[in-house]
Amino acid sequence: MARRYQPREFEAKWQQAWQERGQYRTEDELTKPKFYCLDFFPYPSGAGLSVGHAKNYVPTDVYSRFKRMNGYNVLHPMGWDAFGLPAENEAIQRQVPPRVSTARNTANYKRQMNMMGLSYDWSREINSSDPEYYRWTQWFFLLLHRRGLAYRAPGSQWWCPVCKTILANEQVVNGFCWRHGDTPVQKKELEQWYFKITDYADQLLDDLDSIEWPAHIVAMQRNWIGRSEGAEVTFRVAGSGQPVVVFTTRPDTLFGATFIVLSPEHPLVDQVSTPQHRAAVQAYQEQARLASEIERLSTEREKTGVFTGAYAINPVNGEQLPIWIADYVLMGYGTGAIMAVPAHDQRDFEFARRFDLPIKLVYQDDAAPQDAGTMTQAMLHRGHVVNSGQFNGLADGPQAVDAFITWLEEQGTGKRRVNYRIRDWLISRQRYWGAPIPIVYCDRDGIVPVPEEQLPVLLPEIADYEPSGTGRSPLANLPEFVNTTCPACGGPARRETDTIDGFGCSSWYFLRYPNPHDTVAPFDRQLIDYWLPVDTYVGGAEHAVMHLLYARFWTKVMADAGLVNFREPFARLRNQGVIYGSDGHRMSKSRGNVVTPDEVIETYGADALRCFELFMGPFEMDNFWDEDGPKGQFRFLHRVWELAGSHPAGGGGDSPAVLRLLHQTIQDVTERIEDFRFNTVVSKLHELLNALERQGCSGDTVDTLLLLLAPIAPHLTEELWSERHPGEGSIHSRSWPVCDPALLVADTCPLVIQVNGKVRDTLQTSRDLTRDDAEALARASERVQRFLDGHAVQKVIFVPNKLLNLVVS
RNA sequence: CCCGGGAUGGCGGAACGGCAGACGCCGCGGACUUAAAAUCCGCUGCCCGCAAGGGCGUGGGGGUUCGAAUCCCCCUCCCGGGACCA
C-alpha cells in the first residue's frame, strides 16, 4: 500500500456505497436502547451550505456515529423547513417560484451534506412544504382549535412593509422585522388568528427546570415569558367614580402613590380628560401614535407626558392623585395604567422630577435615611415601612407585599395578580408560501373548521404569489380557492386565505421523523413512545425564543390531548458557535466572504474538513474561519494513512507505555465526545498518533486508533479498514473500543518537586512512594538543594504520585 | 442600566487548585528536489546569558492558599441577549 493519502480517490466511493447498502438506515428495533440526535432542520437557502453550517452538522454526525458504535439505535434524520418567510422572500428576490427554488435548494443541500459524509437516514427526509407534511400541520391547527387554543380576533398588530404581512411579537426585534433588520415595523389593524400560548405560560416557565439547556437560552425564555407577581388595585376617578385598575408588583408602596399614569391608548383617557386639558391630551396621543416603536422603547429618552385634569382616589387613604398620560406606560402590558410611586420606582421618580410632582417616602432606611426633597434616585428594596398607617415598621420583603395584598382583598379594593409579558402567538400570515389555515367562513355557520378528512387544504400552484400589500394573501385573488361549500351546512362559503406562520411547521417536525411517511396520522404513537423526546438537539442560538418556545408549547398541548407521554420535546439542547469569515464579519454572499464545504473538500477532502470543524475551537464558541486550518488536519490524516500503511493488521506486543497511552486515550476520547468537547478529542488523537510514530506500535493498536477516529474521519477509516480487514464489513458497524483500567496504571510516575511553590525538579519515581521517601529523594536532588541552601524546611506538602512542595523560610 | 459569556504566545486554543502555553496554524532553519509544490525533521512566550542556568509571565488591583489561569472581592475592556413590563 504505497499509495499516498488522496481523499478524492475514495471519499465519493464510500458515500455511494453507504447509500446503496443503507449503512445509516435506522431500524425501529424497539428493544434496543435508543438515541435521538437531531439538528434544527434548515430552511434551504439558495446560497447553499457554508463551512459555518458544518459547525452544527459535523459534531452531531460524530456524536451519532459514536452512539451507534456504542450500541445505541440512533435516529439522526434531516429535513427541510421549506415553508415560511425566509424561503419565500428569497424566492421572490430571485424571481423563482418557491416550489421550484425549494426543490433546487434542497437538492443542493443534500448533495453538500452527502459530500461531507453526514450519516443521515435519508429514507426519513421530510419537507414542510410537502402536502403530505402540511396536511398534519393543518391537523394540529384543528387540534388547537378544538381545544380552544386557536382563536380569531381583531387587533392592531405589527406589520412588515417589506414582507407585507403581520408578524408575531417574537418576530419583531427592537422594532424591526426579524427578516429585515433595517425595516421598522408598523401597526396595522386586521382580523387575525392567534394561538393561546399564554395559557401555558406557567408550564413553559416551570418545566425549564426539567431540561438540560444552556443557561442563557433558559434565561431568555424566562425573560420572554416575563412572569411577575403583584396585585391589581382599583382606584376611582374623583367625581364620576369610574374604576381605574392598575397592576403593581409593589402594593406595599401604595401609600406612597402620588399620581396615576395611563397609557396614551388607554380607553379611559377620552372619558376623564377635562375640557381645558383635552386639546393637550389629544395632541400627546397623536404624537405617541406617530412615534416609532424604537423611539418609544428608548430608555435614554427623557420622560414625556401630559396631565388630563382628572384625579383618582387612592383606596388606602382617600388621597386625590392627578391622572397623567405618558408613553412610558404601555397599553399592552398589565392594565395599561399604573400608580406612580416616585420615591420607590426609578421611572416614576424621573417623571415626578420632570413635572414637579410630589415624592413621598413609604420606606425608610435608618442606616442611610433618605429625604424626599433631596434624593437623586428612587430608593429600591431597603428599610422598613413608614407613613403607611398600620403597616409601619414592616421590613421590606415578600411578607410586606403579602400583608398589603391580604388587606386589599379584605377591603375589596384589590386582588393578587400575576402578569406575563408573553402575548398570544399571532399565526396569520398574509402570504402565499405556507400551509393554508384550514378554516371556512359561512354566512350561516360562521367560523367552521375544515373537517380532518378533507385535509390537506391544498396550497394552489399560482403564478402570481407575490404579496400585494393590501393586507390580504395572494390566495384571496383566486375565486376557485376562496369559494367553497360550508362543511356544516353545505351552503356557499369562503375559505380563510391567510397561511400559518412557518414556525407552526417547525413546532412538530421532530415528531414526524419516527414515521415520516405515515398517511393516517401525524405520527405513530408506539414509535413516538420509543423515540421521543429528542435526546440531543443542536442548532443556533438565534432560535432561543421563537422556535424553541413554540415547539415546547405544542408539545404540552399534545401531552394534554393525550397524544404524547412527555411534556418537553428536547431533553438536552446545545448551541454551536458562529463561524465568521476571516474578515471578521458574518459570512454572506454580499460580502463575498463565504467559504463553502465544496471548496475545502476539493482541496483537503471531507475528513480534513470534518476534523478542522471540530478542532478549531470549543463547540459552542464563535470563531473565525482560518483557510490554513484544514491543512493541519490533512497532514494528521496523511500521517494516519502512512502509519496504517507501515503497520498491517494484527500483531500485539505493544509496550506498557504505548498500551497505557492508548487506553488513556480511549477513556479521554469517550468522555469528551459525550461532553461535546470535540476540539480536545481531535487533539488527543493527534497526541496518540505522535506517540505511536515515535514509540512504535502493533497493527492492533493502529486498528484501535482507526476505530477512535471512525466517527470523525469516516471515509479514511473505512478505506483503511476495508484493506486491513477485507470481508469483515464496515468499520462503522464495529463496536467502540473499551478502556481497560488495569492498563492505565504505571510502575513509575513523574514527581514534581517544588520549593515554595516553584517547580525546581521533576523526578521519575516508583509508584506509591511514601512521603518520607519522596522527601529524601527531593533533598538529594542537586537542583533542589540549591534552593534549600541555608534555609530550614518548615513544612512539606505531599500529593502522592504527583507533587512534593518544600516550604522554607 | 440589567442578565449571560469572555480576556492565556504572532494566531486558534489546552490545562481535576499542583510542570502554563497541550494540539494545530503561521514563521524560521534543515532534508528530499535541477527547481518548486507536497512530504519529512528541528526550533519557535518574553528578558538576561556563549552556555549551564536564572528572572518575568494567563486584562489591571487586592485577597484566600504551601501552591491560583483556575476560588473570593474590586476595576477595565470585549462579545451575546434583554431593556420604560409598573
Side-chain angles (χ1 to χ4, degrees), chain A residues 4-5 173-174 214-220 222-224 226-228 230-231 246-251 253 261 263 296-301 303-304 326-330 332-341 344-348 350-351 419-423 541-542 544-545 575 577-578 582 611-612 615-618 620-636 638-639 642 677 679-690 693 750-762 783 786 793-799 802-808:
Chain A
R4 295 177 63 78
Y5 173 53
V173 183
N174 291 330
H216 69 280
I217 303 285
V218 171
M220 277 156 117
R222 277 191 205 290
N223 196 270
W224 186 263
R227 180 189 158 101
S228 54
V246 306
F247 173 72
T248 177
T249 55
R250 296 297 306 275
T253 61
V261 186
S263 158
R296 263 187 84 160
L297 283 176
S298 169
T299 46
E300 308 300 318
R301 196 166 138 251
K303 297 271 180 294
T304 60
D327 66 4
Y328 81 92
V329 176
L330 309 173
Y333 183 78
T335 62
I338 62 157
M339 64 175 206
V341 183
H344 304 292
D345 180 283
Q346 186 58 26
R347 296 152 306 188
D348 299 345
E350 286 165 17
F351 195 83
N419 243 309
Y420 300 91
R421 221 175 288 191
I422 191 172
R423 309 293 147 73
E542 68 274 14
V545 269
N575 298 125
V578 177
S582 47
C611 282
F612 183 62
F615 179 75
M616 64 189 298
E620 52 291 313
M621 189 180 273
D622 294 348
N623 236 313
F624 302 97
W625 183 255
D626 172 7
E627 63 175 312
D628 287 326
K631 189 190 294 180
Q633 303 311 312
F634 178 89
R635 289 177 184 149
F636 162 66
H638 172 81
R639 285 162 52 209
E642 296 290 323
R677 292 161 63 202
N679 55 329
T680 61
V681 168
V682 176
S683 312
K684 285 289 164 190
L685 294 174
H686 285 185
E687 287 180 58
L688 177 63
L689 175 67
N690 289 346
E693 284 178 337
L751 186 72
V752 172
I753 311 298
Q754 297 180 337
V755 178
N756 281 351
K758 285 189 189 287
V759 178
R760 296 305 177 186
D761 203 357
T762 304
R783 291 155 169 270
R786 198 180 313 161
V793 174
Q794 304 197 318
K795 194 170 176 183
V796 180
I797 308 290
F798 181 59
V799 183
K802 203 173 211 172
L803 173 133
L804 184 85
N805 186 11
L806 300 171
V807 184
V808 302

Nucleotide N/O of nucleotides 78-81 of chain B paired with protein N/O under 3.5 Å:
none

Separation of atom [atom1] in [X] from atom [atom2] in [N], rounded to whole Å:
X	N	atom1	atom2	result
A:R421	B:C3	CZ	P	14 Å
A:I797	B:C66	CD1	P	7 Å
A:Q346	B:A83	CD	C1'	14 Å
A:D761	B:G53	CG	C1'	14 Å
A:F351	B:A86	CZ	C1'	13 Å

Base, sugar-phosphate, or nothing for [X], non-hydrogen atoms under 4.0 angstrom?
X	result
A:R227	nothing
A:R760	sugar-phosphate
A:P618	sugar-phosphate
A:M339	nothing

*Quick one: list whatever passes side-chain contact (heavy atoms from CB on, under 4.5 Å) with A:E620, sequence neighbours left out.*
A:R574, A:P618
*asked:* Tell me if a side-chain donor or acceptor on A:R423 pairs with a main-chain N or O of A:G332 at a distance below 3.5 Å.
replied: yes
_Has A:N419 got a side-chain atom pairing as donor or acceptor with A:S228's backbone, closer than 3.5 angstrom?_
no
*Aromatic ring proximity A:Y420/A:W224, centre distance under 6.0 Å*: no
*Step through it carefully: locate the ring centre of A:F634, locate the ring centre of A:Y5, and say whether they are under 6.0 Å apart.*
yes
Tell me the partner of [N], counting only Watson-Crick (N1-N3 plus N6-O4 or O6-N4) or G-U wobble (N1-O2 and O6-N3) with both under 3.5 Å; none if nothing fits.
N	value
B:C40	B:G30
B:C1	B:G82
B:C23	B:G12
B:U76	B:A7

*asked:* Check the phosphate of B:G54 against A:R786, side-chain N and O only, distance under 4.0 Å to OP1 or OP2. Yes or no?
replied: yes
Inter-nucleotide [atom1] distance ([N], [M]), Å rounded:
N	M	atom1	value
B:U8	B:A22	P	16 Å
B:C75	B:C3	P	13 Å
B:C25	B:C19	P	26 Å
B:G27	B:A35	C1'	23 Å
B:G4	B:G12	P	26 Å
B:A36	B:U44	P	26 Å
B:U39	B:U33	C1'	11 Å
B:U58	B:A68	P	11 Å

The side chain of [X] is closest to which nucleotide in this list: [options]?
X	options	answer
A:N805	B:G13, B:A86, B:G67	B:G67
A:L330	B:G18, B:G53, B:A86	B:A86
A:Y328	B:G12, B:C84, B:C40	B:C84

Quick one: salt bridge (Lys or Arg N to Asp or Glu O under 4.0 Å) partners of [X], sequence neighbours excluded?
X	answer
A:D348	none
A:E693	A:R639
A:R222	A:D209
A:D622	none

Could you pull out the closest heavy-atom pair between [X] and [Y], with the gap in Å?
X	Y	value
A:D626	A:P630	O-CD, 3.5 Å
A:T304	A:A326	O-CB, 3.2 Å
A:V682	A:Q633	CG1-OE1, 3.5 Å

_Return whichever of A:T249 or A:M616 has its heavy-atom-nearest nucleotide of RNA chain B closer to the 5' end._
A:M616
*Closest-nucleotide ordering on RNA chain B, the 5'-leading residue of A:W224 and A:A337*: A:W224
*If anything within 90° of 0 is syn and all else is anti, what is B:G27?*
anti
Hey, what are the protein-to-nucleotides 63-65 of chain B N/O distances that come in under 3.5 Å?
none

*Please work out whether the ring planes of A:H686 and A:F636 are parallel, tilted or perpendicular, with thresholds of 30° and 60°.*
tilted
With sequence neighbours excluded, what pairs up with [X] under the ring pair (Phe, Tyr, Trp, His ring centres under 6.0 Å) test?
X	result
A:F351	A:F259, A:W324, A:Y328, A:F355
A:H638	none
A:F247	none

Table of protein N/O atoms under 3.5 Å from nucleotides 28-32 of chain B N/O atoms:
none

*Once each nucleotide of nucleotides 19-26 of chain B is scored for protein heavy atoms under 4.0 Å, what B/S/- sequence comes out, 5' to 3'?*
BS-BBSSS
